[in-house]
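First comes the structure, then the notes that go with it.
Along the sequence shown, residues are numbered consecutively beginning with 1. The structure presented is a predicted model; accordingly, all values stated were derived computationally and were not measured.
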Amino acid sequence: LYKAKMDAVNGIALNFCNPENLAIATGKGSREINVAKFLRHRERSVEGQKMMDEEYEDWYRSFPRFDDKSEKEKYPKDQLFLTAVEAAAAKISQHDKNDKVAFPDFDSVKLLEWNYRNAEEYYLNTMDETRTHSECALAIASHPHLSLYATGSTQGRIHFWKYGFSEDKAIDEYVTDSNWKSNTSEMWDIRKIKFNHYGDKVAALDKEGSLYLFQFGGGNNEPQMEYRKVSCAETLDCVFLNQGTVICTTGYKPTPHMIIYDTLIPPPHSAVIKEELGGNILLTLHETQQLILFDSRNPGMNIYDIRTKRFFVPFLTSEVVSAACLNNDEDTLITGHPEGTIKIWNASLSFSEREKMVAFEPIKEKVKQVLVSDENMLFALSGHGNVRLMKSYIQHAYM
């Protein structure tokens with residue numbers, strides 16, 4: 001779908017309201033790709049002129065062309081055609097996801113429903129005239145319910161963008177520190193962004209290893225809560241638990257650690273659980289109330305059971321995991337590896353391996369990120385900036 005030429009790709013994000021849209025974060029800015037147009041159109045040359053064929057009525061019917069070997073042999077030199085994303089009104093997701101609680105030590109209190117449409121209108125009214133898509137994007141994440149995505153930039157700044165917006169402008173900007181203009185150190189650069197399940201909270205990690213929590217749509221662009229780097233414990237990844245009131249962080253510098261914070265308790269007393277095992281990739285199994293932990297320096301996977309407060313190892317593998325994600329139903333685990341391979345596991349069946357594929361060849365590029373859409377489409381990003389659609393549909397875990 002995309003190949004970086006002069007700049008590395010720092011991350012990709014999917015539009016949960018419209019699966020046709022994909023956003024890419026690079027050091028030279030963010031850009032959007034219409035995946036459907038990539039798949040429906042074919043670029044070819046006729047008498048020195050480039051032409052674009054619209055071969056299929058919709059992108060779903062185009063999938064067999066890429067899955068069937070005979071079609072690949074028929075068009076061996078075909079390239080997908082890159083087009084600009086057309087401006088379109090954002091579609092607000094109407095479906096409500098099931099309420100899931102992953103922290104039993106606290107009562108499950110359903111948050112007051114906030115109007116997503118009003119939140120979107122608020123951001124359109126707070127347009128940032130000075131920020132364009134050329135703004136450096138070091139991290140990226142999509143809102144779970146709105147056709148919006150956030151990018152992390154230098155000096156502790158977070159910018160929000162509307163998918164398919166007709167104007168090249170950010171719709172808002174958050175800062176981790178009010179004195180961001182004087183923060184020239186790279187330690188303030190944002191390297192990871194996470195939304196909670198409801199989309200009303202945003203977590204940002206900077207290169208220093210500090211964590212900042214923002215209230216989305218609250219009208220305040222400064223952090224609601226800060227968890228500064230303490231005793232040189234650097235945070236590398238985080239996940240929201242318990243509808244966003246609890247957050248888990250992990251890292252391995254200077255020693256491996258995993259810390260669970262209750263955001264309802266003010267710092268420094270908000271750390272309610274501390275474990276001496278950590279990594280740089282953290283996932284949540286809400287149904288079983290477990291955390292999946294990977295350390296990209298060492299092979300293997302650890303699972304932390306929140307109810308019993310114990311770690312266990314479901315399987316041992318000789319391969320190091322460089323990227324991982326779960327599908328929306330949490331029954332399938334996808335892992336990416338430094339040698340350019342991707343594995344699919346049955347997360348609901350003791351993590352048995354289901355499928356293995358080569359993502360990037362002939363050069364074995366490191367799998368930097370894997371993503372699964374709500375429609376179970378699998379995307380992959382390599383360390384050299386190649387973005388590929390690996391599978392048009394991932395089967396659910398079979399019993």
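Closest approach of A271 to I259, counting heavy atoms only: CB-CG2, 3.8 Å. A pairwise comparison of heavy atoms in V320 and H337 identifies O-ND1, 2.9 Å as the closest pair.
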For this session: Give the intermediate values and the outcome of salt bridge (charged side-chain N to carboxylate O under 4.0 Å, His left out) for residues K391 and E355.
Result: CA-CA 12 Å; K391 291 183 74 69; E355 186 178 350; 3.3 Å; yes
Exercise. Given V35 and Y2, is the side chain to side chain contact (heavy atoms under 4.5 Å, CB included) satisfied, shown in steps?
Worked result: CA-CA 10 Å; V35 180; Y2 178 82; over 6 Å; no
For this session: Begin from the C-alpha positions of I158 and I190 and carry the test side chain to side chain contact (heavy atoms under 4.5 Å, CB included) through to its verdict.
Result: CA-CA 8 Å; I158 304 170; I190 301 298; 4.2 Å; yes
For this session: Please step through side chain to side chain contact (heavy atoms under 4.5 Å, CB included) for the pair E226 and Y212, ending with a clear verdict.
Result: CA-CA 5 Å; E226 301 178 10; Y212 304 87; 3.6 Å; yes
Problem set entry | Step-by-step side chain to side chain contact (heavy atoms under 4.5 Å, CB included) determination, V246 to Y261 | CA-CA 6 Å; V246 178; Y261 297 95; over 6 Å; no
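The cluster map of Ile, Leu, Val, Met, Phe, Trp and Tyr, joined by side-chain heavy atoms under 4.5 Å apart, puts I171 and L146 in the same cluster. Residues L138 and W188 do not share a hydrophobic cluster, defined by chaining ILVMFWY side chains whose heavy atoms lie under 4.5 Å apart. Linking ILVMFWY residues whenever their side-chain heavy atoms come closer than 4.5 Å, directly or via other members, places I33 and V9 in the same cluster. Residues Y304 and L236 fall into different hydrophobic clusters, defined by Ile, Leu, Val, Met, Phe, Trp and Tyr side chains chained together at heavy-atom separations under 4.5 Å.
A side-chain donor-acceptor contact under 3.5 Å links W345 and T335. Remark: the N15 side chain and the S147 side chain contain an N/O donor-acceptor pair separated by less than 3.5 Å. No side-chain donor from either of H257 and T255 sits under 3.5 Å from a side-chain acceptor of the other. A side-chain N or O of T151 and one of W161 form a donor-acceptor pair less than 3.5 Å apart. For the 3.5 Å distance criterion, the side chains of Y149 and E32 qualify, holding a donor opposite an acceptor.
With respect to E319 and K343, a salt bridge is recorded, a charged nitrogen being found less than 4.0 Å from a carboxylate O. With respect to R191 and E234, a salt bridge is recorded, a charged nitrogen being found less than 4.0 Å from a carboxylate O. Between D206 and K192 no salt bridge is recorded (no basic side-chain N to carboxylate O distance below 4.0 Å). Between R157 and E135 there is a salt bridge, since at least one side-chain N of the basic residue sits less than 4.0 Å from a carboxylate O of the acidic one.
The aromatic rings of F195 and F160 stand perpendicular to each other, their planes meeting at an angle above 60°, with 30° marking the opposite boundary. Classified by interplanar angle (parallel below 30°, tilted 30° to 60°, perpendicular above 60°), the ring pair H143/H145 is perpendicular.
Within the 4.5 Å cutoff, the side chain of M258 has heavy atoms near those of the L291 side chain. Side-chain atoms of L283 and E330, non-hydrogen and from C-beta on, never get closer than 4.5 Å to each other.
Looking only at distances, no side-chain donor or acceptor of T284 sits under 3.5 Å from a matching main-chain atom of H286.
To the nearest 0.5 Å, the span separating CZ on F379 from CG on L1 amounts to 6.5 Å.
By the neighbour-count criterion of 12 heavy atoms within 6.0 Å, atom CZ of R310 is sparsely surrounded, having that number or fewer from other residues, nucleotides or ligands.
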